[in-house]
Amino acid sequence: MSTVLIIEDEKSIVDLISYNLKREGYDILAAYDGQTGLDLALSGKCDLVLLDVMLPVMDGFEVLRRIRERSSLPVIMVTAREEERDKIFGLDTGADDYITKPFSVKEMAARIKANIRRSAGIRPPAAGETYGPFTVDRDLQTVSRSGRQLELTQREYDIMCYFFKAGARVVTREELMEKVWGYDYYGDLRAVDVAMRRLREKLEDDPADPKYLMTRRGAGYYLQF
């Protein structure tokens, strides 16, 4: 049974989400301010975080930033804001997904299930398997480039494993969203582009002139090794 941590300052919303997720079989933890939420997120007691943006003590973006300094725990941002920049900023800071209030309970449950399943891991290549300059350690779930371990989030690790399996084949954004994010995404695919930009910054010596993570314009992405 998975545990979902809800970080939200409105008790009525926490109660609504808790009620529906408990019916889906989840255990629930709740925090009503950013600092308490951060402490619980880093306690090792939960499998996913539903994180509101507007919080007392510490806002959601700062909570997310601090989680990402120490953990690859899946985080879904929950916000009433419609502004595109807030969604992109959340993804760029390391959120795995976002959902906007008011939201469908069924959609929320589907995204939680998909992100927990994704976090459990796409089955990676065998330990120590090498792809050009890249080496995968399956037990530690790490990827190294030329002997240097890359500081990847869980999703970035999953993306790399999927590229290794794809070989030289170009992978579309839709395929990455379905296979790595774990569900058929019917909205904006910019989450993939944000993830690729962040990953390229970690893989490349010069992200502006990439040698490994390449873009095929109008088609998708591929890993060159």
Side-chain angles (χ1 to χ4, degrees), residues 1-9 14 17-18 21 26-79 86-99 108-109 111-124 127 136-145 148-162 176 180-183 191-192 194-203:
M1 186 179 294
S2 298
T3 300
V4 175
L5 168 61
I6 305 168
I7 308 178
E8 161 68 60
D9 64 332
V14 173
I17 296 174
S18 297
L21 292 185
Y26 294 102
D27 284 334
I28 301 298
L29 293 174
Y32 298 94
D33 66 79
Q35 183 61 62
T36 303
L38 176 62
D39 293 341
L40 283 172
L42 296 177
S43 70
K45 296 179 180 179
C46 61
D47 300 287
L48 179 141
V49 177
L50 283 175
L51 176 61
D52 191 39
V53 172
M54 302 301 292
L55 294 167
V57 184
M58 182 188 304
D59 71 37
F61 294 130
E62 181 62 16
V63 173
L64 175 60
R65 186 186 67 79
R66 296 195 187 189
I67 290 174
R68 282 293 168 261
E69 288 176 349
R70 297 174 55 185
S71 173
S72 58
L73 181 70
V75 177
I76 300 177
M77 301 295 292
V78 183
T79 176
D86 291 324
K87 297 174 182 178
I88 297 301
F89 184 72
L91 293 169
D92 203 27
T93 304
D96 295 276
D97 205 346
Y98 65 81
I99 189 167
M108 177 191 64
R111 293 197 180 200
I112 289 171
K113 181 178 180 180
N115 277 279
I116 289 177
R117 183 173 66 242
R118 186 275 309 164
S119 181
I122 294 172
R123 186 171 179 82
V136 178
D137 187 314
R138 176 171 156 184
D139 294 331
L140 297 178
Q141 294 198 356
T142 60
V143 176
S144 299
R145 198 202 87 186
R148 180 179 64 86
Q149 183 175 316
L150 303 172
E151 297 298 325
L152 304 179
T153 65
Q154 181 67 47
R155 171 148 292 161
E156 290 164 347
Y157 171 78
D158 291 346
I159 291 170
M160 290 294 291
C161 288
Y162 196 78
L176 282 168
V180 179
W181 272 249
Y183 55 88
V192 175
V194 171
M196 292 301 104
R197 186 177 74 244
R198 289 175 57 85
L199 184 55
R200 186 171 280 146
E201 290 172 352
K202 298 181 180 183
L203 296 185

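Note that this is a predicted model, so its numbers are computed, not measured. By convention here, the first residue in the shown sequence is residue 1.
With values rounded to the nearest 0.5 angstrom, D97 atom CG is found 10.0 Å from I112 atom CD1. The CG atom of L38 sits 7.5 Å away from atom CZ of R70, with the distance rounded to the nearest 0.5 Å. Rounding to the nearest 0.5 angstrom, the gap separating the NZ atom in K113 from the OG atom in S2 is 11.0 Å. Expressed to the nearest 0.5 Å, how far CG of D27 lies from OG1 of T3 amounts to 4.5 Å.
We find that K45 and D39 are not joined by a salt bridge, their nearest charged nitrogen and carboxylate oxygen being 4.0 Å or further apart.
With a 4.5 Å cut-off on side-chain heavy atoms, T153 and K202 count as touching. At least one side-chain heavy atom of L152 sits under 4.5 Å from a side-chain heavy atom of L199. Side chains of M77 and T93 form no contact here, defined as non-hydrogen atoms less than 4.5 Å apart. Using a 4.5 Å cut-off on side-chain heavy atoms (C-beta onward), L42 and S71 make contact. The closest side-chain heavy-atom distance from M54 to D9 is not below 4.5 Å. Looking only at side-chain heavy atoms (C-beta outward), Y157 and T142 stay at 4.5 Å or farther from each other.
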Take E8 and I17, measure what side chain to side chain contact (heavy atoms under 4.5 Å, CB included) needs, and give me the verdict at the end.
CA-CA 10 Å; E8 161 68 60; I17 296 174; 5.8 Å; no

List the steps, then state whether side chain to side chain contact (heavy atoms under 4.5 Å, CB included) holds for R155 with N115.
CA-CA 9 Å; R155 171 148 292 161; N115 277 279; 3.2 Å; yes

Does the pair M108 and V78 meet the rule for a side chain to side chain contact (heavy atoms under 4.5 Å, CB included), with working shown?
CA-CA 10 Å; M108 177 191 64; V78 183; over 6 Å; no

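In this structure, I7 and L55 approach most closely via the heavy-atom pair CG2-CD1, 3.6 Å. Of all non-hydrogen atoms in E156 and E151, the two that sit nearest each other are OE1-O, 4.1 Å. For the pair Q149 and S144, the tightest heavy-atom approach, listed with the atom from each and the gap, is CA-OG, 3.5 Å. Across A195 and I159, no two heavy atoms sit closer than the pair CB-CD1, 4.1 Å. Nearest heavy-atom pair, A41 versus I67, reported as atom, atom and distance to 0.1 Å: CB-CD1, 3.7 Å. When all heavy atoms are compared, the tightest approach of M160 to V143 is CE-CG1, 4.1 Å.
The closest donor-acceptor contact from the side chain of R145 to the backbone of L203 lies under 3.5 Å. A donor-acceptor pair under 3.5 Å links the side-chain atoms of R68 to the main chain of L73, judged by distance alone. At least one donor-acceptor pair under 3.5 Å links the side chain of D96 to the backbone N or O of V75.
With sequence neighbours excluded, the residues satisfying side chain to side chain contact (heavy atoms under 4.5 Å, CB included) with I28 are V4, I6, S18, L21, K22, Y26. With sequence neighbours excluded, the residues satisfying salt bridge (charged side-chain N to carboxylate O under 4.0 Å, His left out) with R65 are E62, E69.
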